[in-house]
Number of protein chains: 2
Amino acid sequence: MISIKELTKQTGVSVRTMRYYDEINLLPPAGKTEGGHRLYSEKEIKKLQEIQFLKSLGFRLIEIKEMLSDKNWDWEIGLKNQLNYILQEKQRIIQIEKTLKGLLNTLKIENSVDLTYINKLIQLYQSKNEQQNIFRDKYFHQGERKLLNKLPKMDSDDPHSLEWISYLVDLKKFKHKGANSPEIQQIIHCMYEKAIDTFGENDDFFNKLWEIRKSPEKSTKMGFYPIEQDILNLIEEAWDFYENKRH
Amino acid sequence: MISIKELTKQTGVSVRTMRYYDEINLLPPAGKTEGGHRLYSEKEIKKLQEIQFLKSLGFRLIEIKEMLSDKNWDWEIGLKNQLNYILQEKQRIIQIEKTLKGLLNTLKIENSVDLTYINKLIQLYQSKNEQQNIFRDKYFHQGERKLLNKLPKMDSDDPHSLEWISYLVDLKKFKHKGANSPEIQQIIHCMYEKAIDTFGENDDFFNKLWEIRKSPEKSTKMGFYPIEQDILNLIEEAWDFYENKRH
DNA sequence: ATATAAGATTACGTTACGTCACTTTCAAGT
DNA sequence: ACTTGAAAGTGACGTAACGTAATCTTATAT
C-alpha cells in the first residue's frame with residue numbers, strides 16, 4: 001500500500017487527477033488510513049495504466065469507466081467506433097491544414113492582409129459548391145475542364161501552384177518598374193513558357209480564361225484565385241509588349 | 001435590420017450562439033427594439049460569416065475576437081501558429097489511428113479480449129522506447145535488423161502483417177485438429193513459403209527469432225507481436241512433422 | 001383585446017482536471 | 001508528550017462554447 005504521492009511519482013499523473021478519479025468512481029483507492037488519507041496497491045497502478053492507455057486513444061473517462069467495469073464489454077465495437085471517430089477527425093484536420101496552407105500562400109501575394117481580403121477568401125471558400133461547377137461547365141468544354149485543374153489552387157501546396165504564386169509575387173514586387181521593364185518582361189517570359197508547358201498552345205482556352213480573369217465577378221463565381229485588378233492590367237500591358245517583340 | 005430568428009435562418013447558427021456572441025462581446029447586435037429585442041444588419045451577417053470561417057479553421061472565439069478587432073493583427077504569424085498546432089494534432093490523430101488499427105488486428109486473433117490481454121498490449125505500447133532498440137541491437141546484427149522490420153507489426157495494416165495475422169487466426173481455429181492434421185500442415189506450408197519469400201533461407205536468423213519467440217519476456221522486451229504459448233507449441237510441433245515429410 | 005409566437009434573462013450541465021484557500025493528518029525530532 | 005513542517009484532505013471556482021430548461025416579457029395577428 002502506497003501513498004497518493006508515491007503513486008503519482010511512479011505513474012506521472014497528478015494528485016488532483018487521482019482525487020478526481022476517486023470522485024467519479026473511476027479508480028477509488030484500495031483503502032484509507034484512519035485519518036482518511038488514500039492508499040493504493042499494485043492493482044490500482046495496473047488499472048491506472050489501463051486508463052492512461054485508453055485515454056491516449058482518445059476515449060473519454062466515462063467510456064473508459066464502462067469498458068473497465070463491464071465484464072462483457074464488446075471491445076471490437078468499441079474500438080471500431082473510436083476508429084471511425086478518429087478517421088473523421090483526421091479528415092477535418094487535413095481539410096483545415098489545406099485551407100491554412102492556402103491562406104498562407106495568398107499571404108505571399110498580399111503582404112498586407114486586411115479584413116476585406118479575408119472576406120473575399122471567405123466567399124471563395126464558401127462558394128465551393130455546385131454553383132462553381134455550373135459556371136465551369138457553361139464556359140468550358142470537356143477537354144478544357146481538365147486543363148482548369150492545373151491552374152493554381154488556393155488550398156494546394158503542390159509545386160505548380162507555388163510556382164504561379166511566386167510569379168505573381170514577383171510581378172507585384174517589380175510593378176513600379178513598368179510593363180516594359182526588363183524585370184517584368186523576364187517574368188512574363190517565364191510565365192509564358194510555364195503556360196505553354198502546362199496547357200500547350202491553346203489560344204482559345206487562353207482567351208476564355210483571360211476573359212473570365214478580367215471580370216472579378218466571373219472569377220469569383222468560378223472559384224479562381226483572386227488577383228488584383230492592377231496586376232491583371234500589368235499582365236495585359238506587359239503581354240502586349242512581349243508579343244510585339246516576338247513577332 | 002432583421003430579427004435574431006431571421007439571422008439564424010440565413011446563417012444557420014443557433015439563437016443561443018448569437019446571444020452568447022453578444023454576451024462575450026464578440027458580435028453584439030447593431031441595435032435593439034424598445035422592448036430589448038436584438039436587431040442585426042448586413043454588417044453583422046458579414047462578420048458572423050468571418051467568425052464561422054475562422055472557427056472552421058479551429059481558432060477559438062477569444063482568438064477570433066482579437067483577430068477581428070485588432071486592426072494591426074499579424075495574420076501571417078497567427079495562421080502559421082494555427083498551422084503548427086494543426087500539424088501536431090494531425091500527428092496525434094495518425095498515431096491513434098495506427099494504434100487502434102493494431103488493436104483491431106489483434107482482435108482477429110484473440111476473439112475474446114479480456115483485460116489481461118489489454119494489459120499485455122499496454123505494456124507493449126508503453127515499452128516502445130530505447131529499451132527495445134537496446135535488445136534489438138543485442139540480439140541481431142545490421143543485416144538482420146532490416147529483416148526484423150518485415151515482421152508483422154501490431155500497429156500496422158499493411159498486407160504483410162495482415163497475412164501473418166490471418167495465419168495465426170487459422171492456426172487457432174484448427175488447433176484442435178492436431179499438429180499433424182492436413183489443415184494445420186497446410187497452414188504451416190503457407191507460412192514456410194511466405195517466410196522464405198520474405199526473409200530468404202536464413203537459418204541463423206530464424207533460429208534466433210524462434211529462440212526469442214519461445215521466451216515471452218524476451219518477446220515483450222523486443223516489442224514482438226504477442227503470441228500465446230499454446231500456439232507457439234503448436235507451430236513447433238507442426239514444424240517438426242513438416243520438416244520430416246520434406247526430407 | 002387577446003392568443004400565441006418569438007424573444008429576453010437566468011442558471012445549470014457539459015470535460016477533465018488546474019488552481020487556490022483553508023483545515024487536518026502524518027512522521028519525525030526534541 | 002509536544003511541536004513542526006510536509007503531505008493530505010475538502011470545497012469551491014474557472015475553463016470553452018454553447019444546449020437546454022424555466023420563467024417572464026414583447027411583438028404580432030386576428
Side-chain angles (χ1 to χ4, degrees), chain A residues 1-41 44 47-68 82 85-86 89 92 96, chain B residues 1-41 44 47-68 82 85-86 89 92 96:
Chain A
M1 297 292 246
I2 56 173
S3 73
I4 198 170
K5 188 65 163 291
E6 252 306 300
L7 183 64
T8 64
K9 254 190 253 171
Q10 286 183 33
T11 60
V13 305
S14 75
V15 173
R16 176 69 175 96
T17 297
M18 288 317 298
R19 291 207 265 251
Y20 181 63
Y21 289 176
D22 183 10
E23 189 185 330
I24 65 172
N25 221 350
L26 170 63
L27 182 50
K32 292 201 174 187
T33 67
E34 315 126 46
H37 288 197
R38 293 173 179 80
L39 294 173
Y40 297 91
S41 70
E44 277 70 36
K47 188 165 178 184
L48 181 53
Q49 284 172 341
E50 291 165 13
I51 293 170
Q52 297 284 95
F53 174 67
L54 293 172
K55 218 158 69 70
S56 79
L57 293 180
F59 286 103
R60 284 175 309 170
L61 293 188
I62 197 167
E63 297 170 322
I64 296 175
K65 195 170 157 188
E66 246 193 295
M67 296 180 194
L68 297 186
Q82 186 67 5
Y85 166 70
I86 286 295
E89 273 298 289
R92 197 178 65 90
I96 292 178
Chain B
M1 297 291 244
I2 56 174
S3 73
I4 196 169
K5 188 66 164 292
E6 252 306 298
L7 183 63
T8 63
K9 255 189 252 171
Q10 285 183 32
T11 60
V13 305
S14 76
V15 174
R16 175 70 175 100
T17 297
M18 288 317 298
R19 292 206 265 251
Y20 180 64
Y21 288 175
D22 183 11
E23 188 184 329
I24 65 172
N25 220 350
L26 170 63
L27 181 52
K32 291 202 177 187
T33 67
E34 316 127 43
H37 288 196
R38 294 175 177 79
L39 294 173
Y40 296 91
S41 70
E44 276 70 37
K47 187 165 180 185
L48 182 54
Q49 283 172 341
E50 291 166 15
I51 293 171
Q52 298 284 97
F53 175 67
L54 293 172
K55 217 158 69 71
S56 79
L57 294 180
F59 286 104
R60 283 176 309 168
L61 294 187
I62 197 167
E63 298 169 323
I64 296 175
K65 195 170 158 187
E66 247 193 294
M67 296 179 194
L68 297 186
Q82 186 66 5
Y85 166 69
I86 287 295
E89 273 298 287
R92 198 177 65 90
I96 292 178

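Values reported hereafter were calculated over all heavy atoms of this structure, with side chains retained and with hydrogens, waters and symmetry mates removed.
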On a heavy-atom basis, which atom in A:Lys32 and which in A:Gly36 lie closest, and how many Å separate them? CD-O, 3.7 Å
Specify the separation, in whole Å, of atom NZ of B:Lys65 and atom C1' of D:dA16. 13 Å
Here the distance between atom C1' of D:dA17 and atom CG of B:Leu27, to the nearest Å, is 15 Å
Between OH of B:Tyr40 and OG1 of B:Thr8, what distance do you get to the nearest 0.5 Å? 10.0 Å
Once salt bridge (Lys or Arg N to Asp or Glu O under 4.0 Å) is applied, do any residues pair with A:Glu66, and if so which ones, sequence neighbours excluded? none
Nearest-Å distance, CD1 (B:Ile62) to C1' (D:dT15)? 11 Å
Here the side-chain hydrogen bond (donor to acceptor under 3.5 Å, both in side chains) pairs for residues 15-29 of chain B, sequence neighbours left out, are B:Ser14-B:Thr17, B:Asp22-B:Arg38
Please determine whether a side-chain nitrogen of the Lys or Arg among A:Lys47 and A:Glu44 lies less than 4.0 Å from a carboxylate oxygen of the Asp or Glu. no
To the nearest 10 degrees, how far apart in direction are the end axes of the helix from C:dA1-D:dT30 to C:dT30-D:dA1, each fit to five base pairs? 30°
I need the minimum non-hydrogen distance between B:Met1 and B:Ser41, along with the two atoms involved. SD-CB, 3.9 Å
Could you write nucleotides 8-14 of chain D as a row of B, S and -, 5' to 3', where a protein heavy atom under 4.0 Å of any base atom gives B, of only sugar-phosphate atoms gives S, and otherwise -? SBB-B--
Contact boundaries of DNA chain C with chain A (under 4.0 Å, heavy atoms), 5' to 3'? C:dA16 to C:dC26
Hey, are A:Arg92 and A:Glu89 close enough for a salt bridge, meaning a charged N less than 4.0 Å from a carboxylate O? yes
For DNA chain D, whose closest nucleotide is more 5', that of B:Phe59 or that of B:Glu34? B:Phe59
For B:Ile24 and D:dA17, give me the distance from atom CD1 to atom P, rounded to whole Å. 7 Å
Listed by chain and number, what are the side chain to side chain contact (heavy atoms under 4.5 Å, CB included) partners of B:Gln82, not counting sequence neighbours? A:Leu100, B:Phe59, B:Tyr85, B:Ile86
Heavy-atom nearest nucleotide on DNA chain D for B:Thr33 versus B:Tyr21: which residue maps closer to 5'? B:Tyr21
A:Ile62 CD1: over 12 foreign heavy atoms closer than 6.0 Å: no
Heavy-atom closest pair (B:Leu61 atom, B:Ile24 atom, distance to 0.1 Å) is CD1-CD1, 4.0 Å
Residue-phosphate contact under 4.0 Å: B:Lys55 side-chain N/O, D:dA16 OP1/OP2: no
I'd like to check B:Met18 versus B:Val13 (side-chain heavy atoms, cut-off strictly below 4.5 Å). Are they in contact? yes
